[in-house]
Amino acid sequence: HGLDCDDSNYSINPGVSEVCGNAVDDNCSGEIDENNAMTFDGVSYAEGTVFLPQGNDPRTMEAWIKTTSDGMVVFNWGNTNAYERCGIIIGGGKLYFVGEYNDAIGNITVNDGLWHHLAVSFDGTNLMGYVDGVLDINTTKTLSTVGNTLRIGRRAVPDDGEYFVGEMDEVRIWNVARTQAEIQASAANLTNLAPPPPGLIAYYKFDEVVAAGLNTSVLSFINVVSY
């Protein structure tokens with residue numbers, strides 16, 4: 001079938017993008033689920049200033065992660081005063097929303113060394129967490145988030161610790177509450193959020209890094225929504 005490297009599936013060919021987490025060599029590279037993910041070594045992290053959701057504003061947070069570690073930040077902002085932080089961490093091996101003494105934890109194990117898509121959506125009342133598009137947290141919250149310093153892979157300012165160990169990709173923050181269907185569609189779309197959809201305010205693709213490399217010197221990443 002010409003450029004199709006899998007005669008049983010026309011969608012698998014050298015012209016398509018790789019899709020993480022589906023155990024398929026979509027782009028015929030000879031590798032499965034490869035991408036320019038950032039590898040964090042427990043020391044490196046990224047930090048930048050972004051106009052992020054504040055107070056009790058709606059928001060959605062997403063990231064792909066692959067790890068066998070625990071007790072660490074995927075990304076967060078705000079500070080570590082009570083109720084003033086917001087983010088996703090890995091706690092007890094599960095998806096964990098951190099609101100700083102205003103938290104919620106899921107039930108699905110995510111530190112099993114496999115790629116997982118994590119998402120938390122908040123509409124001003126309802127906080128929903130998803131692992132690979134499956135509902136894992138369902139609760140109500142009132143948030144009091146402050147600050148615009150985003151830290152990826154490290155505890156929020158001004159504190160130290162909770163460094164991420166593992167691989168991370170496709171960090172996205174929205175100023176709207178996304179539905180489960182939208183999150184499932186977003187998880188499957190790794191390369192084609194251009195131009196950025198309405199509501200997407202921060203998007204880190206980590207294309208600056210070397211795939212499977214530690215990239216310890218890379219501490220600044222492009223927010224593609226700004227370009």
Side-chain angles (χ1 to χ4, degrees), residues 9 11-12 16-26 32-35 37-38 40 53 58-76 85-99 102-143 152-153 162 164-193 197 199-206:
N9 188 337
S11 68
I12 300 177
V16 304
S17 299
E18 187 69 9
V19 176
C20 279
N22 68 351
V24 173
D25 181 15
D26 306 275
I32 293 174
D33 294 345
E34 82 281 359
N35 203 357
M38 174 67 180
F40 291 82
R59 67 204 66 179
T60 302
M61 302 167 281
E62 302 180 67
W64 278 93
I65 61 102
K66 179 181 180 183
T67 186
T68 56
S69 297
D70 194 18
M72 56 191 182
V73 166
V74 178
F75 63 87
N76 59 176
R85 180 158 67 134
C86 178
I88 293 175
I89 70 175
I90 309 300
K94 318 296 184 184
L95 167 64
Y96 191 110
F97 167 77
V98 58
N102 191 20
D103 307 339
I105 187 170
N107 297 295
I108 300 172
T109 297
V110 298
N111 65 341
D112 55 4
L114 301 175
W115 279 105
H116 292 288
H117 180 262
L118 309 182
V120 173
S121 178
F122 177 68
D123 65 5
T125 300
N126 301 293
L127 187 135
M128 320 288 276
Y130 303 90
V131 175
D132 301 323
V134 176
L135 181 65
D136 192 36
I137 297 172
N138 185 358
T139 188
T140 59
K141 292 286 181 187
T142 299
L143 304 183
I152 302 174
E162 298 181 354
F164 189 85
V165 179
E167 296 178 72
M168 191 186 313
D169 205 3
E170 297 293 314
V171 168
R172 301 170 182 170
I173 303 174
W174 308 71
N175 62 10
V176 294
R178 309 203 85 212
T179 66
Q180 183 173 13
E182 288 172 328
I183 287 169
Q184 290 169 338
S186 182
N189 185 352
L190 294 184
T191 60
N192 297 315
L193 294 187
L200 183 62
I201 56 176
Y203 182 18
Y204 298 91
K205 296 173 63 66
F206 297 135

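A 4.5 Å side-chain heavy-atom check between Thr139 and Phe97 finds every atom pair outside the cut-off. Within the 4.5 Å cutoff, no side-chain heavy atoms of Arg59 are placed close to those of Ile173. The closest side-chain heavy-atom distance from Val73 to Ile89 is below 4.5 Å.
At a threshold of 4.0 Å, the pair Arg85-Glu162 counts as salt-bridged, since one of the basic side-chain nitrogens sits closer than that to a carboxylate oxygen.
Under a 3.5 Å cut-off, the side chain of Ser121 and the backbone N or O of Arg178 do form a donor-acceptor pair. No side-chain donor-acceptor contact under 3.5 Å links Gln180 to the backbone of Val134. Counting only distance, with no hydrogens or angles, the side chain of Asp136 and the backbone of Ile108 share a donor-acceptor pair below 3.5 Å. Checking side-chain atoms of Asp132 against main-chain N and O of His117 turns up a donor-acceptor pair under 3.5 Å. At distances below 3.5 Å, not a single donor-acceptor pair connects side-chain atoms of Asp123 with backbone N or O atoms of Pro58. Looking at Asn175, its side chain never comes within 3.5 Å of a backbone N or O of Pro53 through a donor-acceptor pair.
In this structure, CH2 on Trp64 lies 9.0 Å from CG on Leu118, to the nearest 0.5 angstrom. Interatomic distance, CG of Asn126 versus CG of Asn138, reported as 7.0 Å (0.5 Å rounding). The structure places OG1 of Thr109 at 11.0 Å from CG of Leu114, a figure rounded to the nearest 0.5 Å. Taking CZ of Phe40 as the reference point, atom OG1 of Thr67 lies at 11.0 Å (rounded to 0.5 Å). With rounding to the nearest 0.5 angstrom, the CG atom of Asp169 is 12.0 Å from the NZ atom of Lys66. Atoms OH and CD1, on Tyr96 and Ile90 in that order, are 12.0 Å from each other to the nearest 0.5 Å.
Between the side chains of Glu170 and Tyr204, no donor N or O sits under 3.5 Å from an acceptor N or O. Glu167 and Trp115 are not linked by any side-chain donor-acceptor pair at a separation below 3.5 angstrom, with hydrogens and angles left out of the test.
Across all their heavy atoms, Gln184 and Gly133 have their closest contact at NE2-O, 3.0 Å. Nearest heavy atom pair, residue Val110 against residue Lys94, reads CG2-C, 3.8 Å. Taking all atoms of both residues into account, the shortest heavy-atom contact from Val131 to His116 is CG1-ND1, 4.2 Å. Glu62 and Ile183 get closest at one heavy-atom pair: OE1-O, 4.4 Å. Annotation for Glu182 and Thr179: closest pair OE1-N, 2.9 Å, computed over non-hydrogen atoms.
For the side-chain contact (heavy atoms from CB on, under 4.5 Å) test with Ile137, the passing option among Ile105, Asp103, Leu95 is Leu95; the others fail.
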